[in-house]
Amino acid sequence: MSSEKSESSEETEAIEMSLKKCRRYSERYELHPKDKGYGTINDHDKQSILPDEDSDSGKYQLTDVASSTGQFFTAAHHDMSTYFRDGRRKIDFVMVYEETLVAGSSAQSRRASVMVPHPVHMLDKKLAKHENWRQRFMSNLRKAGLDMEEEVVEAQNRKLVYFIKLHATWPVLCHYAEELNMRAPLQAHPNPSVNWSEIALKALKLPNIMYEDVPCKPLDFYTCPFRKSKIDKFLGSENRDTFFSNVQRSRIVYEILSTAIFGKKKKGEVGIDRLVDEGVFSSSFPLHDGPYECKNMKGSEVPLNPRQVLYEYWARWGKWYKYQPLDHIREYFGEKIAIYFAWLGFYTGWLLPAAMVGLLVFLYGVFTMNNNRLALEVCNSGGSYKMCPLCDEKIGCKYWDLSDVCDDAKIAYLFDHPGTVFYAVFVSFWAVTFLEYWKRKSASLAHHWDCMGFKDEEERPRPEFAARAPFFERNPVTGIPEPSFPKALRNKRVAAGIGIVFLMISLVIIFIIAVIIYRVLISMPLFQNQTFRSQAQSIANVSGAVVNLVIIMLMSRMYENLAYRLTSWEMHRTQTEFDDNLTFKVFIFQFVNYYSSIFYIAFFKGRFVGYPGNYTLILSLRNEDCSAGGCLIELAQQLAVIMIGKQIINNAQEILLPKIKAWWHNKRVKLSKKHTKTRWEEDYQLVDNEGLFEEYLEMVLQFGFITIFVAAFPLAPLFALLNNWVEIRLDAQKFVCENRRIVAERAENIGIWFKILHMLAHLAVISNGFLIAFTSEFLPKLLYQYDYNWDLSGYVNFTLAYSPVGAHKQQCRYRGLRDENGNHTPFFWRLLAVQFAFVIIFEHVVFGVCRLIDVLVPDIPESLELKIKRERYLAKQALQDSDSIMKVISYLPAQFVAAGVEDSIDISKRMVLDLTAELGGGEVSPQGGEPPTIPIQLPPSIPIQLLSPTGSEPPTIPIQLTSLPPHLPPRRSMTTLNIHQPPTRSIERVRPRPKSQTS
């Protein structure tokens with residue numbers, strides 16, 4: 001018992017210490033200053049949200065029963081430019097539009113209040129229509145309950161920039177929080193962030209330099225869906241200004257902005273996104289929480305704002321080796337952004353063992369290179385093997401000696417030795433295990449961030465779809481009329497889009513053939529030159545890889561724009577459908593674009609060359625063959641150039657492009673520099689956020705590079721690890737410093753990208769099996785050892801065939817398992833059978849072990865299952881109360897009205913009794929006995945009060961049981977609510993009486 005008490009006291013102290021560290025969040029999380037019982041549910045009266053009878057349905061007014069200490073949050077320690085002028089109302093969203101000053105008008109004459117339409121000094125009907133849309137849109141926002149405030153800034157290029165600041169009031173927040181099914185905290189509990197590296201270092205008793213105590217860490221809560229009627233059950237509900245986080249507030253306001261009408265609904269003239277597309281508004285965005293710089297704050301007691309915390313402890317380059325503060329990222333940007341960085345960090349952490357093993361495999365090849373018997377045999381051949389010309393003798397290609405490629409033979413051993421076979425098997429297991437453990441991590445994060453089981457509500461049509469849809473039909477789910485597009489016509493467009501995708505893929509193949517011809521043409525003069533003859537193929541291969549990379553990057557950029565236009569043309573209704581189709585198109589093309597040349601070298605190059613006297617020709621040129629070192633070294637060169645080159649180019653783009661875009665935007669707007677810029681002005685000068693599509697695509701393509709072809713390039717995971725360390729900080733700086741704050745979105749996992757990763761992991765098993773069997777020398781050497789000589793002596797001579805008589809002026813040697821007539825030897829056919837058998841056995845064993853890993857590693861950890869059960873229990877205990885007995889209705893029983901007591905009842909929520917769950921079947925009271933009484937504890941937060949009209953006995957409310965659900969049998973009794981003693985309210989069931997005796 002004492003140990004349990006000490007543990008609980010330690011947990012309480014840890015929570016209190018976390019609260020003390022972050023003053024900013026203290027009012028949000030520390031709910032009961034007098035009683036810090038975070039494991040309790042407070043039942044004190046807070047505030048009642050009452051229907052406003054004078055307004056439309058769905059609008060609310062507040063009856064304040066809070067203390068007199070004041071309910072507006074003091075913004076003394078916050079950036080005042082994130083508040084309205086009164087310093088109390090938080091700016092939840094900002095809309096911006098620009099107007100050009102007409103000649104002869106002044107800036108003062110153009111400045112007008114949000115509440116009054118701007119004077120229309122318009123030059124054409126389009127601008128007049130935009131002004132009309134804008135005024136109607138803002139009018140509907142005011143009707144929705146949003147507070148507005150306008151700021152006008154005169155730019156240096158005779159433009160007025162209007163900033164419309166929006167604030168969501170408490171009733172609006174409560175209403176939409178329930179509509180959007182947001183979750184609210186019931187009970188706080190410590191949830192230390194522990195990962196596998198921290199556990200491993202602790203077990204080894206090694207210091208963990210990656211850990212850092214980040215201030216203002218958000219607490220973990222047991223949560224349940226928010227309900228207005230249960231507001232007093234949630235932690236922090238007494239403080240309206242901090243109960244909803246900034247992320248939740250901006251999400252609610254964005255929901256209102258997305259559904260507000262500004263024109264004709266039948267034409268899809270709805271939402272802020274459509275207005276931005278039409279140019280009515282320049283942009284709309286939530287504000288950052290102050291500046292990210294911490295100048296003149298070192299040593300100060302002023303707490304950091306959340307943006308400064310993220311910059312100081314995450315986005316700075318000096319934090320490249322630290323754990324990411326995922327809870328802070330989620331608190332500031334929302335779950336969708338946080339889950340991306342969680343996956344990127346998890347993937348980068350798992351790259352570490354793969355990179356270390358790959359480096360060891362490569363170093364093994366380096367240290368044993370000089371002992372490679374085959375390379376020594378090639379280098380010591382000394383003119384023993386006259387090799388056939390690598391191009392036509394008529395154009396000047398000459399015979400060459402095998403010892404000329406001594407260096408290539410040594411380098412080839414680095415990528416083709418027994419260690420690479422082991423590494424291919426290791427990476428196949430690594431990829432599948434990584435995905436299995438990510439599923440566990442994803443489930444834990446989804447629960448921790450209240451996104452488990454999250455599904456989007458019925459999505460509304462995209463603004464672009466609504467604007468261009470030719471028809472208007474009723475939604476079969478919601479029953480609301482909305483724009484539509486014929487399904488048959490959409491299917492035809494999708495089919496046409498697929499045809500264009502295949503056309504682009506054919507264009508990629510044409511470029512590959514062009515690169516092949518380029519390599520052949522470049523190698524010819526190099527072979528004719530005595531100086532470059534030994535390095536002719538290496539120079540041609542590397543230069544061809546660089547040319548291929550340039551073509552890939554250009555085609556990639558061009559196709560992404562084409563894919564976006566195609567997907568828009570296909571007229572997909574929702575944003576999810578649009579994103580899935582765009583992802584499919586782009587990934588299919590990028591897969592072919594980036595991997596096709598690598599697949600060609602790995603599985604096709606050198607296999608259709610022919611033999612002397614019977615060469616395969618392409619455009620009268622002999623098809624290219626693998627270099628003397630084998631195709632695996634060329635594959636490593638191609639993979640290194642494309643993968644590393646792509647990483648360098650992408651990182652350069654991520655560094656330079658935001659700065660170029662920001663410079664161009666600032667040059668176009670040119671806000672005045674005479675005064676200190678406010679928060680909304682500074683955020684407007686930032687670059688708009690482009691989302692996560694490009695980030696996911698880059699990482700998924702990288703995952704393919706390090707898994708599908710890892711047998712040819714063991715250093716690929718190491719370069720990926722180094723790139724990802726840079727990538728995390730680049731993306732962090734982009735989101736924190738360079739981009740406007742994105743509207744938070746909820747997400748349970750990484751979505752369709754996980755399916756793509758799963759497909760790549762399975763493709764990697766098959767690809768590595770074929771690489772080992774057909775591209776490397778592992779199986780040919782193994783079969784030669786088994787059939788002829790275990791120490792591989794004579795293997796080089798065995799693999800070199802003699803040219804047929806008359807094929808060349810002189811008899812020469814070439815690589816191939818053929819006889820002097822050009823026919824395949826029996827060894828070739830035995831080797832082919834062994835190769836196919838190896839592929840089948842390899843992929844069955846690896847897939848079998850992977851399936852075993854899938855079974856042994858549960859998707860949801862056992863500790864998480866216990867947390868889920870605990871949370872369900874708390875939610876049930878907190879929210880059940882009298883929900884099974886009392887339900888809200890909009891009328892009173894006729895008998896109660898006839899009793900003349902309606903005016904004496906203080907009703908804020910009119911109630912009806914639903915006793916089906918409590919009273920059972922059609923029982924009646926035994927004759928002559930007392931009627932049974934069922935006590936019901938009514939919480940004091942329910943604002944219902946029954947008063948007697950004459951001060952005598954409290955009235956009883958008869959309710960006819962015919963209003964019960966039809967599946968219950970009819971009853972012969974009548975149920976009445978008899979409240980004799982208000983503190984111990986009860987329900988009493990009595991026998992029916994004549995109507996004349998009914999009170």
Side-chain angles (χ1 to χ4, degrees), residues 344 500-519 522 539-567 582-602 605 634-661 664 687 690-709 712-713 715-716 719-720 722-724 726-727 730-731 734 753 756 760:
L344 182 55
I500 295 176
V501 171
F502 280 108
L503 181 64
M504 295 297 297
I505 290 174
S506 302
L507 188 61
V508 171
I509 296 174
I510 292 174
F511 278 117
I512 291 175
I513 296 174
V515 172
I516 293 172
I517 296 174
Y518 163 82
R519 285 198 293 256
I522 287 295
I539 296 173
N541 292 333
V542 173
S543 62
V546 173
V547 172
N548 191 29
L549 175 63
V550 174
I551 295 174
I552 286 173
M553 299 303 293
L554 293 176
M555 290 287 292
S556 174
R557 184 61 61 183
M558 180 181 69
Y559 179 76
E560 285 179 11
N561 296 329
L562 176 62
Y564 186 87
R565 291 176 178 272
L566 277 177
T567 312
L582 178 62
T583 300
F584 173 77
K585 287 185 181 66
V586 173
F587 178 76
I588 290 296
F589 176 80
Q590 298 290 37
F591 183 88
V592 177
N593 191 27
Y594 279 97
Y595 299 149
S596 56
S597 61
I598 302 176
F599 269 105
Y600 163 74
I601 295 175
K605 185 176 181 180
E634 293 186 35
L635 180 61
Q637 292 173 347
Q638 185 83 2
L639 187 62
V641 170
I642 293 179
M643 177 182 171
I644 299 174
K646 175 181 177 295
Q647 291 178 352
I648 294 174
I649 294 174
N650 285 342
N651 289 335
Q653 287 179 344
E654 291 195 29
I655 293 173
L656 298 177
L657 282 183
K659 292 180 171 54
I660 295 174
K661 289 180 179 179
W664 177 254
V687 180
E690 296 180 352
L692 296 172
F693 180 83
E694 291 292 337
E695 311 300 335
Y696 273 120
L697 180 63
E698 180 183 354
M699 290 296 104
V700 167
L701 290 174
Q702 182 197 89
F703 183 81
F705 280 125
I706 68 170
T707 54
I708 299 177
F709 309 105
F713 191 43
L715 294 179
F719 285 104
L722 298 175
N723 173 80
N724 288 5
V726 176
E727 182 73 21
L730 282 177
D731 289 345
K734 182 170 64 176
W753 297 107
I756 296 176
L760 290 177

*May I ask you to test the M699-E695 pair for a side-chain heavy-atom distance under 4.5 Å?*
no

*asked:* Is any side-chain heavy atom of L562 closer than 4.5 Å to one of Y559?
replied: yes

*Within-4.5 Å side-chain heavy-atom neighbours: F511 and L507*: yes

_Any non-hydrogen side-chain atom of K734 less than 4.5 Å from a side-chain atom of E690?_
no

*Any idea which heavy atoms bring V592 and V508 closest together, and the distance?*
O-CG1, 4.0 Å

*Going by the angle between their ring planes, with limits at 30° and 60°, are Y696 and W753 parallel, tilted or perpendicular?*
parallel

*Without swapping roles, check the side chain of S556 against the backbone of I552 for a donor-acceptor pair under 3.5 Å.*
no

_Do I708 and I598 have side chains that approach each other closer than 4.5 Å (heavy atoms only, starting at C-beta)?_
no

*Under the side chain to side chain contact (heavy atoms under 4.5 Å, CB included) rule, what do S597 and V515 come out as? Steps first, then yes or no, please.*
CA-CA 9 Å; S597 61; V515 172; over 6 Å; no

_Rounded at 0.5 Å granularity, tell me how far CD1 in I649 sits from NZ in K646._
9.5 Å

*Determine, step by step, whether R519 and E634 satisfy the salt bridge (Lys or Arg N to Asp or Glu O under 4.0 Å) criterion, reporting the C-alpha distance in whole Å, the side-chain angles of both residues, the deciding distance to 0.1 Å, and the verdict.*
CA-CA 12 Å; R519 285 198 293 256; E634 293 186 35; 5.6 Å; no

_To the nearest 0.5 Å, what is the distance between OG1 on T583 and CZ on F693?_
4.5 Å

*When you look at Q590 and E560, which way does the side chain to side chain donor-acceptor pair (under 3.5 Å) test go after all the steps?*
CA-CA 9 Å; Q590 298 290 37; E560 285 179 11; 3.2 Å; yes

*For the residue pair Y595 and F705, categorise the inter-ring angle as parallel (less than 30°), tilted (30 to 60°) or perpendicular (more than 60°).*
perpendicular

*Rounded to the nearest 0.5 Å, how far does CZ of F589 lie from CD1 of I500?*
12.5 Å

_Are there over 12 heavy-atom neighbours, none belonging to F584, within less than 6.0 Å of that residue's CZ?_
no

_Closest non-hydrogen atom pair, V726 against N651_ = CG1-ND2, 4.3 Å

*Measure the spacing between CZ of F709 and CG of L635 and express it to the nearest 0.5 Å.*
7.0 Å

